[in-house]
> 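Take this structure first; my questions come after.
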Protein chains: 2
Amino acid sequence: MRMHNPPHPGEVLRELCLEPLGISVTDAAQALGTSRKTLSAILNGKAGISPEMALRLSIAFNTTPESWLAQQSQYELWQAEQHRGELHVKRLVAA
Amino acid sequence: MRMHNPPHPGEVLRELCLEPLGISVTDAAQALGTSRKTLSAILNGKAGISPEMALRLSIAFNTTPESWLAQQSQYELWQAEQHRGELHVKRLVAA
DNA sequence: GCACAGTGTCACGCGCCACGTTACACGTGT
DNA sequence: ACACGTGTAACGTGGCGCGTGACACTGTGC
């Protein structure tokens, strides 16, 4: 039921891509064609992974952009689920 | 290779949820707990589906929020792919 | 001890978008 | 003619992705 807090995609990026390759944040940012601050924000959970950034990551690390966006969606969805009770929605189709 | 233009999630929402049930945009917006304008913008491709809106849709139409977010991600990703050539990214892992 | 690279972070700005309200114009059906 | 549903334009608000410049901290090599 995946009820546990999903990790921020930035953490996965650091542990699965940067650390194994031994690449610094500065060098990775330069390779991605973005600023060091932007990449740092993503790695520390201060920013999400935009569709364009997912594309950059897929090119640089030879992965699929869908995998990054899927992680981001799961993370944001879990955030929204935490406030499920606050939204008053009427069911239009029987559960 | 899904190289074709993916439909905007708003179109799918209208054709698969509103029209079959014969519900007006006004009534649907009220049931979703949002404004008529906001729902109209989504249906006409003027706005995307936010994580919170995906949650609302899943409750009202008894679906999964993941399906809506996945459609939205695919749509945004395709948009980004159209400008793939404009981003200068260096490969850090051999293709 | 000191200089340097790497990193995180703060402040500021820019642009885009989701969302709300109010108001107007159009088409359809009564 | 009138009401209704709808699309949309104009306004404001809040948030976020992204950039820059600047600062403080940490570890390494001299």
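Naming: A, B, ... by sequence-line order, numbering from 1 per chain. Everything quoted here is computed from the prediction, not taken from an experiment.
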> Enumerate all atom pairs, one protein N or O and one N or O from nucleotides 23-29 of chain D, separated by less than 3.5 Å.
none

> Would you jot down, in residue-number order, the residues of residues 50-61 of chain A having a non-hydrogen atom under 4.0 Å from DNA chain D?
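The stretch gives A/Ser50, A/Met53 as the residues lying under 4.0 Å from the strand, ordered by number.
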> Among residues 26-35 of chain B, which contact DNA chain D at a heavy-atom distance under 4.0 Å?
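Going residue by residue through residues 26-35 of chain B, the ones with a heavy atom under 4.0 Å of DNA chain D turn out to be B/Thr26.
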> Categorize B/Ser40 for me: base, sugar-phosphate, or nothing, with a 4.0 angstrom heavy-atom threshold over every strand shown.
base
> Hey, what bend do you get for the helix from C/dG1-D/dC30 to C/dT30-D/dA1 if you fit axes on five pairs at each end, rounded to 10°?
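Taking five pairs per end, the axes differ by 10°.
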> Within the structure provided, determine whether B/Gln74 and B/Trp78 are in side-chain contact (heavy-atom separation under 4.5 Å).
no
> Rounded to whole angstroms, how far apart are NZ on A/Lys46 and P on D/dG19?
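Checked: the NZ to P distance equals 19 Å.
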> At under 4.0 Å, does any side-chain N or O of A/Thr38 touch on OP1 or OP2 of D/dG19?
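Checking D/dG19 against A/Thr38, a side-chain N or O does come within under 4.0 Å of OP1 or OP2.
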> Return all side-chain donor-acceptor pairs below 3.5 angstrom for residues 47-60 of chain B, not counting sequence neighbours, or 'none' if the list is empty.
{"from": "B/Ser50", "atom 1": "OG", "to": "B/Met53", "atom 2": "N", "distance (Å)": "3.2"}
{"from": "B/Glu52", "atom 1": "OE2", "to": "B/Arg56", "atom 2": "NE", "distance (Å)": "3.4"}
{"from": "B/Glu52", "atom 1": "OE2", "to": "B/Arg56", "atom 2": "NH2", "distance (Å)": "2.7"}
{"from": "B/Arg56", "atom 1": "NH1", "to": "B/Leu32", "atom 2": "O", "distance (Å)": "2.7"}
{"from": "B/Arg56", "atom 1": "NH1", "to": "B/Gly33", "atom 2": "O", "distance (Å)": "3.4"}
{"from": "B/Ser58", "atom 1": "OG", "to": "B/Leu55", "atom 2": "O", "distance (Å)": "2.6"}

> Could you tell me whether the side chain of B/Phe61 reaches within less than 4.5 Å of the side chain of B/Leu18, counting heavy atoms only?
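In short, these two side chains touch, coming nearer than 4.5 Å.
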> For residues 28-47 of chain A, which residue pairs qualify under salt bridge (Lys or Arg N to Asp or Glu O under 4.0 Å), counting only residues two or more places apart or in two chains?
none
> In Å and rounded to the nearest 0.5 Å, what is the CG to CD1 distance from A/Leu92 to B/Ile23?
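CD1 of B/Ile23 is found 4.0 Å from CG of A/Leu92.
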> What are the bounds, 5' to 3', of the part of DNA chain C that sits under 4.0 Å from heavy atoms of chain B?
C/dA18 to C/dA23
> Could you work out, with side-chain hydrogen bond (donor to acceptor under 3.5 Å, both in side chains) as the rule, every residue matching B/Thr26, not counting sequence neighbours?
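So B/Thr26 forms no side-chain hydrogen bond (donor to acceptor under 3.5 Å, both in side chains) with any residue.
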> Please give, in whole Å, the distance from D/dA9 C1' to B/Lys37 NZ?
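It is 8 Å, rounded to the nearest whole Å.
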> I'd like to know whether CD of B/Gln30 has more than 12 heavy-atom contacts from other residues, nucleotides or ligands below 6.0 angstrom.
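12 or below, so no.
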> Who passes side-chain hydrogen bond (donor to acceptor under 3.5 Å, both in side chains) against B/Gln71, sequence neighbours left out?
none
> Got a sec, which residues hit side chain to side chain contact (heavy atoms under 4.5 Å, CB included) with B/Ser67, two or more places apart in sequence or on another chain?
B/Thr64
> For residues 10-25 of chain A, which residue pairs pass the side-chain hydrogen bond (donor to acceptor under 3.5 Å, both in side chains) check, not counting sequence neighbours?
A/Ser24-A/Asp27
> Taking OH from A/Tyr75 and P from D/dC16, how many angstroms apart are they, rounded to a whole number?
11 Å
> May I ask you to list the residues of residues 8-22 of chain B, by number, that have any heavy atom positioned under 4.0 Å from an atom of DNA chain C?
none
> Rounded to whole Å, please give me the gap between CG in B/Leu43 and P in D/dT6.
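Checked: the CG to P distance equals 9 Å.
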> Whole angstrom is fine here: how far is it from CD1 in A/Ile42 over to C1' in D/dG17?
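These atoms are roughly 9 Å apart.
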